[in-house]
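Let me begin by presenting the structure, written as structure tokens, before commenting on it.
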Amino acid sequence: MSAVEFALIAFVLACGVATAMLRDVLAAIIAFAAYSLGIAVIWILLRAPDVGLTEAAVGAGVTTVLFLLTIAKTVRPAGERTLERIDLPALGVAVVLVGILATTLGALPPVGGAETPVITSEVTQYYLDNAYTETEVKNAVTAVLAGYRGFDTLGEAVVVYAAGVGILVVLQREVFA
Amino acid sequence: MTFIADVLLLTAAAFVLISLAVVYRLVRGPTMQDRVIAVNVIGSNIVVIIALIAAANDDPSALDIAIVYALLNFLMSIAISKFTVERGGVL
């Protein structure tokens, strides 16, 4: 871990805690935008610039505007306090959940490791050899997503569709104007 | 080359620490304008940090992300500023 990584993790943690603790939702949205900025730099440090670009567009751009639209339909909290009181039972549940998820960290392969299933599995070579002739798609990634993993992608599309329907139900509207 | 890369990464770390100091202003406020300026400063810092990391890792593709962030940072500040003036008005 380099100095940049330590500083970034401290920054992201500070922004995350600020997002959770701030009572004013607009302030929380601003803190969340700052959090998203920090996370994107971590993606770039981990050599995943495509994820960083998505985080930039979705996390900092679209989500902020969506949250602003959301709070336009809500009211401000009463009282003068800046920070929310900590809900200790909820904090306990969150800490336990993080602890359970943290036990899986040991099973992750090292960053850039040569023994990961992506590299050693025979499926990878099969895709590279046969994707173009079997699916007649110009892009191997598209072939895997839309062809070999078609049902997985269908499931993701169902999730996005359900989210859209959920938004319409919450807004009590019939179409996206 | 490694010395220069180390210097660039340390500079990036210093910029992150400055951003961490600005988080204090983001939390304390007291007004929403302070917070908008704070997140704008953090955004500008992040653009510089991404450029420094791109130079240190010799990875020019990260510079594209820096450009996207420079644009989004502007858009985000405008959206939040407009929202504070005219509640419910976004963009």
Side-chain angles (χ1 to χ4, degrees), chain A residues 2-15 17-19 21-22 24 26-45 47-73 76 82-83, chain B residues 6 8-24 26-30 32 34-36 38-47 49-50 52-54 56-57 59 61-69 71-73 75-77 79-80 82-84 87-91:
Chain A
S2 66
V4 190
E5 286 164 343
F6 270 116
L8 269 173
I9 287 171
F11 172 77
V12 167
L13 269 178
C15 288
V17 171
T19 308
M21 295 285 292
L22 282 167
D24 191 309
L26 185 53
I29 289 170
I30 296 173
F32 187 66
Y35 163 86
S36 178
L37 291 165
I39 281 284
V41 180
I42 291 183
W43 292 132
I44 293 166
L45 271 179
R47 305 293 175 100
D50 50 337
V51 186
L53 199 59
T54 312
E55 180 73 36
V58 176
V62 179
T63 326
T64 306
V65 174
L66 275 180
F67 280 152
L68 288 177
L69 286 170
T70 306
I71 65 170
K73 294 178 176 295
R76 281 173 178 273
T82 310
L83 297 179
Chain B
D6 284 345
L8 288 172
L9 282 177
L10 276 178
T11 317
F15 268 101
V16 177
L17 288 180
I18 295 171
S19 304
L20 195 56
V22 177
V23 169
Y24 171 77
L26 201 156
V27 172
R28 286 295 300 174
M32 210 47 74
D34 291 317
R35 295 194 171 109
V36 173
V39 82
N40 205 343
V41 170
I42 290 172
S44 305
N45 275 343
I46 294 290
V47 171
I49 291 163
I50 293 173
L52 285 169
I53 289 174
N57 289 346
D59 181 15
S61 64
L63 288 174
D64 297 343
I65 304 169
I67 294 170
V68 171
Y69 259 106
L71 287 169
L72 277 176
N73 192 29
L75 184 106
M76 201 163 64
S77 304
I80 300 171
K82 184 150 187 251
F83 189 88
T84 58
R87 195 171 167 78
V90 182
L91 298 182

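Order of the sequence lines sets the chain letters (A, B, ...), proteins ahead of strands, with each chain counted from 1.
The residue from B:N45, B:I53, B:V16, B:L52 that alone fulfils the side chain to side chain contact (heavy atoms under 4.5 Å, CB included) condition with A:V41 is B:I53.
Put simply, of B:S19, B:A54, B:A66, the one with the most heavy-atom pairs under 4.5 Å next to chain A is B:S19.
Here the closest non-hydrogen pair linking A:C15 and A:A31 is CB-O, 3.9 Å.
A donor-acceptor contact shorter than 3.5 Å is absent between the side chain of A:S36 and the backbone of A:F32.
Distance check, rounded to the nearest 0.5 Å: CZ of A:F11 to CD1 of A:I39 gives 10.0 Å.
Heavy-atom distances place both the backbone and the side chain of A:L8 under 4.5 Å from chain B. No part of B:V22 comes within reach of chain A, as not one of its non-hydrogen atoms sits under 4.5 angstrom from that chain. For a residue to count as touching a neighbouring chain, one of its non-hydrogen atoms must lie under 4.5 Å from one of that chain's; by this rule B:V27 touches chain A with backbone and side chain alike. For chain A, the nearby parts of B:L9 are the backbone and the side chain; heavy atoms of each come within less than 4.5 Å.
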side-chain contact (heavy atoms from CB on, under 4.5 Å) between B:I65 and A:W43, intermediate numbers included: CA-CA 11 Å; B:I65 304 169; A:W43 292 132; over 6 Å; no
